[in-house]
> 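Here it is, the structure, as structure tokens.
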Amino acid sequence: MKQLPIILLMILFVSCKSEAQQEKTSKDYKVQKTESEWKAELSDQEYKILRKAGTEPPFSSPLNDIKEPGVFVCAACGNELYETKHKFKSGTGWPSFDRAIENSLAYSSDRKLGYKRSELLCGDCGSHLGHVFDDGPKETTGKRHCINGVALDFKPKEKS
Ligand code: FE
């Protein structure tokens with residue numbers, strides 16, 4: 001029984017650690033650019049959303065209507081993030097997916113709206129993409145990746 005506090009401490013340590021592992025610091029990203037480099041490369045709107053965690057107005061993205069097979073890549077670095085087959089109609093006005101391409105994302109959290117939200121970042125360059133919520137399609141993952149269309153470029157699947 002004496003060992004119980006130690007075991008509890010160990011569990012606490014392990015669970016804190018696994019949560020921390022999801023988060024990357026800016027030095028961990030494969031693509032490294034200075035803010036002035038990003039500013040020069042991206043449009044004003046892209047810079048505001050990708051690098052300053054802005055949000056585009058709902059129903060503003062032409063990517064909302066894309067249904068053809070293909071891949072959505074990071075508009076900042078070209079990292080492949082989402083596939084059309086995992087896109088669904090959420091009715092929110094932002095491109096929505098039930099999952100990302102494996103190991104393509106990094107995670108953070110913010111309290112900009114007064115409550116904690118899970119932020120989604122490009123796993124290669126750390127640019128802000130959107131947020132993930134637990135109200136996605138129940139028949140698949142139950143997740144809703146709510147993504148700014150400005151943060152993505154669409155690459156249609158090549159017809160063979
Ligand atoms: Fe990126």
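Start at 1 and go down the list; that is how both ligands and their atoms are numbered. We're numbering straight along the sequence, starting at 1. No experiment lies behind these values; they were computed from the predicted model shown. We use all heavy atoms of the structure for the numbers below, so side chains are in, but hydrogens, waters and symmetry mates are not.
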> I want to verify a count. Protein N, O or S atoms less than 2.8 Å away from the Fe ion (ligand 1), how many are there?
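With waters ignored, the protein N/O/S count below 2.8 Å is 4.
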> Indicate if Leu105 and Ile101 have the same hydrophobic cluster label, given that clusters are the connected sets of ILVMFWY residues with side-chain heavy-atom separations under 4.5 angstrom.
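No: no chain of side-chain contacts under 4.5 Å links Leu105 to Ile101.
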> By the ring pair (Phe, Tyr, Trp, His ring centres under 6.0 Å) test, which pairs, at least two apart or in different chains, include something from residues 108-128?
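Passing the test, one end in residues 108-128: His128-His131.
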> Among pairs that include at least one residue of residues 83-103, which meet ring pair (Phe, Tyr, Trp, His ring centres under 6.0 Å), considering only residues two or more places apart or in two chains?
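Matches after skipping sequence neighbours: Phe72-Phe97, Tyr82-Phe97.
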> Would you list the pairs meeting ring pair (Phe, Tyr, Trp, His ring centres under 6.0 Å) in which at least one residue belongs to residues 26-48, sequence neighbours left out?
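Sorted pair list comes back empty.
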> Checking the side chain of Glu56 only, and the main-chain atoms of Ile49 only, is there a donor and an acceptor separated by less than 3.5 Å?
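No: the side chain of Glu56 does not pair with the backbone of Ile49.
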> Hydrophobic clustering (ILVMFWY, side-chain heavy atoms < 4.5 Å, transitive) - are Ile147 and Val71 grouped together?
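Different clusters: Val71 never reaches Ile147 through Ile, Leu, Val, Met, Phe, Trp or Tyr contacts under 4.5 Å.
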